[in-house]
Student: 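Mind having a look at this structure? Questions to follow.
Order of appearance sets the numbers: ligands from 1, and atoms from 1 within every ligand.
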Amino acid sequence: MHIPVLTIDGPSGAGKGTVSRIVAKKLGWNYLDSGSIYRSLAIALLQNEIDLSNINEILSIAQAMELAYECDDELVVKLDGQDITAELGTETTGNIASIVAAVPEVRRVLLQKQKDFKRPPGLVADGRDMGTVIFPDADIKVFLTASAAKRAERRYKQLMEKGIDVSIEQITSEIEARDCRDKERTIAPLAQAEDALFIDSSAMTIDEVIARVLSLVPQR
Ligand code: C5P
């Protein structure tokens, strides 16, 4: 049985998470937030006080971690039974995730965990290498981006709403550093798949992006 896959790749802050989650819900498909897998590993490393230069320790934590997802309006993630949803979105978690995500062996260990999300009736997969590495045969591929300034502004608003006090300059420089690390790494760099549709969301609302993505899915 053919299980359709829609991949949405792009840099942080382009709106991938919100768009993917809503599109998956509208289609009634499963949803893979692949960034949350790298983020969960980052949290496990922090909790276990693992030195980020110790690859063997990082790999054994990556292999052993048990992740459970509950997705309704919001994604709830449990790491070894503990709800880590609140810590998933922090800048520290994102920065550590991006550092360990550049390690080839880490990506290899986390590969199958991501492929396992492909289950009937379909999958929306969000990340950096969904269309290029994890699901190269995906039926529909999107590369969703926005200008760095716009992404920083959105992230800043999100953090302010959560009561987290940061400066827009700090967010912009963190976004630029993370983009650079994600694009320049030798393994599975952030890149547009040849057969992906490019969408620049800088001047679009989330609803417009969702409508555009849904228009790519053939009528079922
Ligand atoms: O998308 P999100 O910001 O949650 O991802 C956190 C980090 O995880 C990214 O900066 C990136 O380095 C890494 N990541 C990745 N491959 C993916 C998803 C995320 O390398 N498919």
Student: Among all protein heavy atoms, pick the one closest to atom 19 (C) of ligand 1 and tell me residue, atom and distance.
Tutor: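 Sorting protein heavy atoms by distance from atom 19 (C) of ligand 1 puts Gly35 CA, 3.5 Å first.
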
Student: Look at the aromatic rings of Phe117 and Tyr69 and report parallel, tilted or perpendicular, splitting at 30° and 60°.
Tutor: perpendicular

Student: Kindly say whether Leu190 contributes a backbone atom to a donor-acceptor pair with the side chain of Asp182 at under 3.5 angstrom?
Tutor: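 Pair absent, no side-chain N/O of Asp182 close to backbone of Leu190.
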
Student: Hey, which atoms in ligand 1 end up nearer than 4.0 Å to a heavy atom of Ala101?
Tutor: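 Atoms satisfying the 4.0 Å criterion: 12 (O), 13 (C), 20 (O).
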
Student: Checking a contact table here: which protein heavy atom is nearest atom 3 (O) of ligand 1, and how many Å away?
Tutor: Arg39 NH2, 2.9 Å

Student: What part of Ser98, side chain from CB on, backbone N/CA/C/O, both or neither, has a heavy atom under 4.0 Å from ligand 1?
Tutor: both

Student: Which ligand 1 atoms, with their elements, are less than 4.0 angstrom from a heavy-atom of Asp182?
Tutor: 9 (C), 10 (O), 11 (C), 12 (O)

Student: Name the closest protein heavy atom to atom 7 (C) of ligand 1, giving the residue it belongs to and the distance to 0.1 Å.
Tutor: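 The answer is Ala97 CB, 3.9 Å.
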
Student: Has the side chain of Asn30 got a donor or acceptor atom that lies under 3.5 Å from a matching backbone atom of Arg119?
Tutor: yes

Student: Taking salt bridge (charged side-chain N to carboxylate O under 4.0 Å, His left out) as the definition, give me every residue that meets it alongside Asp179, ordered by chain and number, with sequence neighbours left out.
Tutor: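 Asp179 satisfies salt bridge (charged side-chain N to carboxylate O under 4.0 Å, His left out) with Arg151 once adjacent residues are dropped.
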
Student: Among all protein non-hydrogen atoms, which one is nearest to atom 8 (O) of ligand 1, and what is the separation to 0.1 Å?
Tutor: Tyr38 CB, 3.7 Å

Student: Do any N or O atoms from the side chain of Ser34 and from the backbone of Asp126 form a donor-acceptor pair under 3.5 angstrom?
Tutor: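 Indeed, once roles are kept as given, a pair shorter than 3.5 Å links the two residues.
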
Student: Could you work out, with salt bridge (charged side-chain N to carboxylate O under 4.0 Å, His left out) as the rule, every residue matching Lys115, not counting sequence neighbours?
Tutor: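 Residues passing salt bridge (charged side-chain N to carboxylate O under 4.0 Å, His left out) with Lys115: none at all.
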
Student: With heavy atoms only and a cut-off of under 4.0 Å, state how Arg128 meets ligand 1: side chain, backbone, both or neither.
Tutor: both

Student: Tell me, please: is Arg181 in heavy-atom contact with ligand 1, that is, under 4.0 Å?
Tutor: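 No heavy atom of Arg181 comes that close to ligand 1.
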
Student: So, Arg185 side chain and Ala188 main chain: donor-acceptor pair closer than 3.5 Å or not?
Tutor: yes

Student: Using a 4.0 Å cut-off to any heavy atom of Met130, which atoms of ligand 1 qualify?
Tutor: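 Reading through ligand 1 atom by atom, the close ones are 21 (N).
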
